[in-house]
Amino acid sequence: MEIASKYDPSEVEDKWYQYWLDNKLFHSVPDEREPYTIVIPPPNVTGVLHMGHMLNNTIQDILIRRARMSGKNACWVPGTDHASIATEAKVVAKLASEGIQKKDLTREQFLEHAWEWTHKHGGIILEQLKKLGASCDWDRTCFTMDEKRSESVLKVFVDLYNKGLIYRGVRMVNWDPKAKTALSDEEVNYKEQQGKLYYLKYKISDSEGAFAVIATTRPETILGDTAVCINPNDPKNAHLKGKKVIVPLADREVPIIEDDYVDIEFGTGCLKVTPAHDVNDYMLGEKYNLEILDIFNDDGTLNQYGLQYAGMDRFDVRKQIEKDLEEAGLLEKVEDYTNKVGFSERTDVPIEPKLSMQWFLKMEELAKPALKAVMEDDIMLYPSKFKNTYRHWMENIKDWCISRQLWWGHRIPAYYLPQGGFVVAETGEKALALAREKSGNPDLQISDLRQDEDCLDTWFSSWLWPISVFDGINRPDNPDINYYYPTDDLVTAPEILFFWVARMIIAGYEYRHDRCFKNVYLTGIVRDKLGRKMSKSLGNSPDPLELISKYGADGVRMGMLLTSAAGNDLPFDENLCEQGRNFNNKIWNAFRLVKGWNVDASIQQPESSGVAVKWFDATLAKTIEELNDLFIKYRLSEALMLVYKLFWDEFSSRYLEMIKPGYRLPIDKKTYDATLGFFDSLLKLLHPFMPFITEELWQALEERKPGESIMIGQLPKIMSYDKDLLSKFDTIKEIIGGIRTIRLQKNIPNKEALTLQVIGEYDNAFDPVILKMCNLSSIDKVSEKSPGAASFLAGTTEYAVPLGNNINVEEELEKLDKELVYLQGFLKSVTAKLGNEKFVANAKPEIVENERKKQADAESKIKLVKESIATLKK
RNA sequence: GAGCUGUUAGCUCAGUUGGUUUAGAGCAUUACCUUGACAGGGUAGGGGUCAUCGGUUCGAGUCCGAUACAGCUCACCA
């Protein structure tokens with residue numbers, strides 16, 4: 001049969017993916033088997049696949065495929081997230097490019113545009129995942145804003161409200177003036193900024209010509225000042241006690257208050273207090289009952305309290321006010337200053353601390369079982385270093401601001417009554433009934449009620465994900481949720497440990513009284529060669545689909561996984577995909593070799609092949625055991641490397657070379673059948689990592705029935721194996737290596753047969769293998785080697801290859817001298833250890849025994865080397 | 001600023017309760033090989049005073065302390 005010498009993934013991948021789909025091999029329904037469940041971290045519905053998704057989903061696919069091949073009923077639930085801020089921002093931008101302003105649209109009109117956008121772009125990312133080979137149960141695809149998920153969200157909101165855990169309140173929130181919404185603390189990134197520190201002069205009310213000097217980075221906020229604060233223990237500002245000062249430009253008189261919050265050392269020790277625009281000032285404001293002056297509009301421009309600056313943007317005002325203060329002689333000096341400014345994670349504009357009415361969820365009690373679960377290892381984090389981080393956050397958890405001033409999302413199910421007050425209910429009808437009861441007015445109509453304008457934070461829907469994808473909120477006793485929950489593994493990025501993972505754990509205990517998953521595998525961040533995070537704005541991220549078309553999905557999957565220990569960042573390098581592709585080609589060519597042989601049932605199995613089969617059988621068994629252990633520990637990179645070496649070094653370089661028949665000669669049936677069996681096992685072990693090529697070759701390995709697939713085959717089981725055989729074979733590997741080294745050094749072609757002399761203890765059971773692998777004509781046990789032989793040691797046995805007159809005595813002596821020096825140095829260290837009475841007295845007996853053995857070994861080796869040197873010098 | 005991780009070959013990482021020859025792997029690199037599965041290949045090499053200093057111990061990459069550097073998390077001085 002004719003097989004191309006290079007593997008071409010493009011011909012193979014789509015074909016088998018379609019085959020898997022056609023045969024419904026990804027689909028899972030509850031049955032009597034043990035379930036194994038993963039819910040996908042839902043990507044943004046209008047998002048595009050990036051390298052982080054590639055890594056994340058490759059890992060999930062490996063886990064789910066391996067579980068499926070281990071006899072479990074594996075279910076991987078895919079889906080997308082409505083991503084309220086990100087999606088709304090995209091829709092707003094798209095409308096703006098068409099000359100439409102959001103403010104000119106009604107809520108309904110805007111949502112129509114948003115849904116249109118979602119339908120157009122939504123799901124692209126899921127199609128891209130298919131290219132990667134993701135074996136998701138597509139029949140179960142969910143969306144955080146589809147009907148069932150929306151119903152779940154509202155139901156949970158109402159429930160938490162009725163439990164008294166959701167409340168409404170005026171709080172200082174992080175305001176995003178671009179998205180015009182509040183953000184949770186987790187959505188704010190602090191960045192170092194090069195700014196200025198302005199020293200402003202506040203005139204003291206009753207003392208002519210006297211000033212209090214105040215340092216600030218935000219001079220535009222003086223218009224909202226309602227006090228100046230000093231530390232009561234600050235001698236240099238003691239003269240200000242009880243005085244009043246005039247806010248520059250605003251010409252308002254404000255009191256001087258005293259609080260030890262103020263840092264005496266910073267600036268002048270005088271702090272301007274702007275309760276509406278700074279979290280700490282707000283606390284001071286509450287404490288001293290100060291007036292609150294909000295000077296900003298929602299978009300970051302100044303309002304009427306901004307006086308002459310009303311209507312201007314906050315940053316323009318900063319520049320202008322600097323000039324105006326300068327002119328008024330109220331600016332003492334300006335210094336360069338570096339400080340940290342909070343930026344919106346979504347829109348990347350500086351956030352503005354702002355007072356506003358928001359909805360909050362009380363977290364303290366909810367967090368307790370979630371903290372306990374992780375600390376007591378009911379839920380395992382991989383790597384476990386994140387336990388500390390998790391604990392720190394959970395122990396200091398603050399109430400969660402769950403409202404967002406957006407339209408794209410789940411609208412808060414709170415309804416305001418005409419006469420004030422509100423009711424909370426899943427639907428308008430239920431709200432109306434409650435409202436009639438509350439108001440005592442049976443004639444109240446639904447049109448009299450006004451629903452809250454805000455939406456819920458996106459995470460308020462995704463925190464229910466492991467439950468809601470099985471409809472476990474709406475129907476808490478349905479067969480799916482009972483079977484698939486708790487899920488097994490969650491694979492996600494550490495960046496969203498608090499946003500998402502922690503909150504899912506909380507929701508799991510609140511709504512199922514059980515953990516939502518057993519293990520959390522935290523991937524690293526994919527970085528470029530310079531160590532920068534891959535991002536769209538930097539343009540340093542390769543296009544995953546291009547990579548797939550260049551290296552094949554299997555090649556890219558392997559490239560992603562080769563250097564990604566859990567929790568470690570992944571320094572991505574295309575070379576790794578190349579390595580993956582090369583490995584594909586290696587597998588392909590091994591297959592080509594095996595399938596190219598002619599089988600002759602009449603010939604006997606050569607002795608060397610019999611030995612090889614036994615040896616590889618044991619090697620395979622040992623590797624399966626090790627592999628299992630690595631998977632239990634979630635050491636996937638190492639697991640891949642282990643199978644890689646098994647296939648490349650042990651199977652291709654050793655086993656196949658051992659059993660390979662001579663050119664154009666047939667192979668015996670016994671060996672051939674064993675080899676096909678090995679190939680079958682190897683493909684199965686490789687399948688979770690490289691699904692496509694393994695399916696292609698498995699299908700070609702033997703005649704298959706329609707619908708059969710490697711992906712539902714069972715992995716080879718762990719079996720006992722001959723450890724003694726493997727350790728003996730390690731010596732054989734050494735001998736083969738030694739002879740090859742001699743060939744290389746003496747420049748002896750492989751075609752030229754050699755003989756091998758053995759001096760010392762030796763088991764000849766493997767002679768046929770050595771003879772074949774090294775092209776030897778004989779192996780002879782001798783008591784003294786031939787003069788002019790090159791020799792080496794393996795264990796304490798000496799092996800010599802007679803070379804006639806070919807030997808270079810000088811070179812040989814030099815080599816032996818080097819070895820002698822090493823051995824003597826080694827012996828010295830061992831002897832010193834054994835000469836130490838304390839060591840002999842204190843160390844465990846087996847350790848001392850081992851040292852003695854090392855000593856004896858070294859001594860006999862030294863003796864052999866010395867003899868060789870003496871022989872050469874004759 | 002506080003806390004938590006980490007620092008092992010050019011690169012990415014293993015190294016399990018301290019002892020298994022004087023520390024391993026993959027990639028990269030070097031030399032040689034090339035009609036017969038695979039040059040996207042084969043064979044064999046080279047490459048590390050385990051960040052630094054000190055301590056515990058018969059014995060430290062491994063345990064303890066300090067320092068330096070890096071990363072992460074939290075908090076934040078206007």
Side-chain angles (χ1 to χ4, degrees), chain A residues 3 5-7 185 190 197 214-218 221 229 261-263 265-268 270-274 278-281 337 339-340 383 385-393 396 494-495 497-498 529 531 562-565 567-571 573 575-576 578-579 581-597 633 635 637-638 640-642 644-645 648 652-653 656-657 660 662-664 736-738 740-745 747 749-750 822-823 825-830 833 836-844 846-848 850-851 853-855 857-858 861:
Chain A
I3 314 173
S5 74
K6 282 174 187 173
Y7 171 60
D185 290 343
Y190 286 87
L197 191 58
I214 293 168
T216 179
T217 53
R218 301 201 55 194
T221 62
C229 190
Y261 162 75
V262 176
D263 181 353
E265 301 306 318
F266 187 90
T268 59
C270 276
L271 171 72
K272 65 195 256 335
V273 184
T274 322
D278 183 281
V279 182
N280 296 301
D281 291 12
Y337 187 72
N339 68 340
K340 282 190 181 165
K385 65 177 177 186
F386 287 106
K387 263 172 91 170
N388 277 325
T389 319
Y390 180 86
R391 184 183 61 203
H392 189 258
W393 194 74
N396 296 289
E495 300 161 320
L497 190 58
F498 307 128
K529 280 185 197 165
L562 272 171
T563 60
S564 55
N568 276 17
D569 282 359
L570 189 151
D573 190 332
N575 290 337
L576 294 168
E578 208 175 310
Q579 196 185 341
R581 185 194 59 190
N582 293 353
F583 185 44
N584 276 287
N585 208 47
K586 188 73 188 177
I587 300 169
W588 180 260
N589 275 293
F591 181 82
R592 205 158 71 100
L593 172 69
V594 171
K595 287 305 272 191
W597 286 331
K633 294 172 179 155
R635 303 177 77 146
S637 270
E638 286 172 61
L640 172 59
M641 187 48 71
L642 187 65
Y644 175 82
K645 286 195 279 192
W648 202 305
S652 297
S653 299
L656 289 180
E657 291 300 330
K660 200 176 191 176
Y663 182 51
R664 297 225 164 127
I736 293 169
R740 284 175 173 169
T741 309
I742 291 171
R743 276 191 188 276
L744 206 62
Q745 283 169 349
N747 212 3
N750 287 324
Y822 170 85
L823 285 168
F826 177 70
L827 179 64
K828 203 175 151 192
S829 79
V830 175
K833 208 180 223 182
N836 184 336
E837 279 172 37
K838 286 182 178 170
F839 169 71
V840 180
N842 293 327
K844 281 182 241 154
E846 62 266 31
I847 301 293
V848 177
N850 191 43
E851 289 300 313
K853 187 171 172 295
K854 275 153 69 173
Q855 186 182 36
D857 278 5
K861 281 183 185 178

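Each chain gets a letter, A, B and so on, in the order the sequences are listed, and its residues count up from 1. Keep in mind the model is a prediction, meaning the values are calculated, not measured.
Note on A:Tyr644: every side-chain N or O is 4.0 Å or more away from OP1 and OP2 of B:A25. Distances shorter than 4.0 Å separate none of the side-chain N or O atoms of A:Tyr663 from OP1 or OP2 on B:A37. For A:Lys645 and B:G26, the shortest distance from a side-chain N or O to OP1 or OP2 is not below 4.0 Å.
Helical stems in RNA chain B, defined as runs of 3 or more consecutive Watson-Crick or G-U wobble pairs with donor-acceptor distances under 3.5 Å: B:1-7 with B:68-74, B:10-13 with B:24-27, B:29-33 with B:41-45, B:51-55 with B:63-67.
The number of heavy atoms from other shown groups lying within 6.0 Å of CD (A:Glu846) is above 12.
Taking A:Lys854 as the reference, A:Glu851 meet the salt bridge (charged side-chain N to carboxylate O under 4.0 Å, His left out) condition, with sequence neighbours excluded. The ring pair (Phe, Tyr, Trp, His ring centres under 6.0 Å) search around A:Tyr390 returns none, not counting sequence neighbours. With sequence neighbours excluded, no residue satisfies ring pair (Phe, Tyr, Trp, His ring centres under 6.0 Å) with A:Trp597. With sequence neighbours left out, A:Phe498 forms a ring pair (Phe, Tyr, Trp, His ring centres under 6.0 Å) with A:Trp393. Every salt bridge (charged side-chain N to carboxylate O under 4.0 Å, His left out) that A:Lys387 has, sequence neighbours left out, goes to A:Asp377. Partners of A:Lys633 by side chain to side chain donor-acceptor pair (under 3.5 Å), not counting sequence neighbours, listed by chain and number: A:Asp629. Residues that satisfy the side chain to side chain contact (heavy atoms under 4.5 Å, CB included) test with A:Asp263, not counting sequence neighbours, are A:Glu265, A:Phe266. Every residue was checked against the salt bridge (charged side-chain N to carboxylate O under 4.0 Å, His left out) condition with A:Lys645, not counting sequence neighbours, and none meets it. Every residue meeting the salt bridge (charged side-chain N to carboxylate O under 4.0 Å, His left out) condition with A:Asp857, not counting sequence neighbours, appears here in chain and number order: A:Lys853.
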Just the table, please: protein N/O against nucleotides 18-20 of chain B N/O, every pair under 3.5 Å.
{"unit_1": "B:U20", "atom_1": "O4'", "unit_2": "A:Asn850", "atom_2": "ND2", "d": "3.3"}

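Within 4.0 Å of A:Glu657, counting heavy atoms only, lies at least one base atom of the nucleic acid. Residue-level contact check: A:Tyr390 touches neither bases nor backbone, having no heavy atom under 4.0 Å from any strand. A:Phe386 comes within 4.0 angstrom of no nucleic acid atom, judged by non-hydrogen atoms across all strands. Looking at heavy-atom distances under 4.0 Å, A:Asn575 makes no contact with the nucleic acid at all. Backbone-only engagement by A:Arg635 is indicated by non-hydrogen atom pairs under 4.0 Å involving sugar-phosphate atoms exclusively.
Between B:G3 and B:G47, the distance separating the two P atoms is 43 Å to the nearest Å.
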Under 4.0 Å protein heavy-atom contact, by nucleotide of nucleotides 40-45 of chain B - B base, S sugar-phosphate only: BSSBSS
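For A:Lys861, whose side chain is taken as the heavy atoms from C-beta onward, the closest listed nucleotide among B:G26, B:A78, B:U21 is B:U21.
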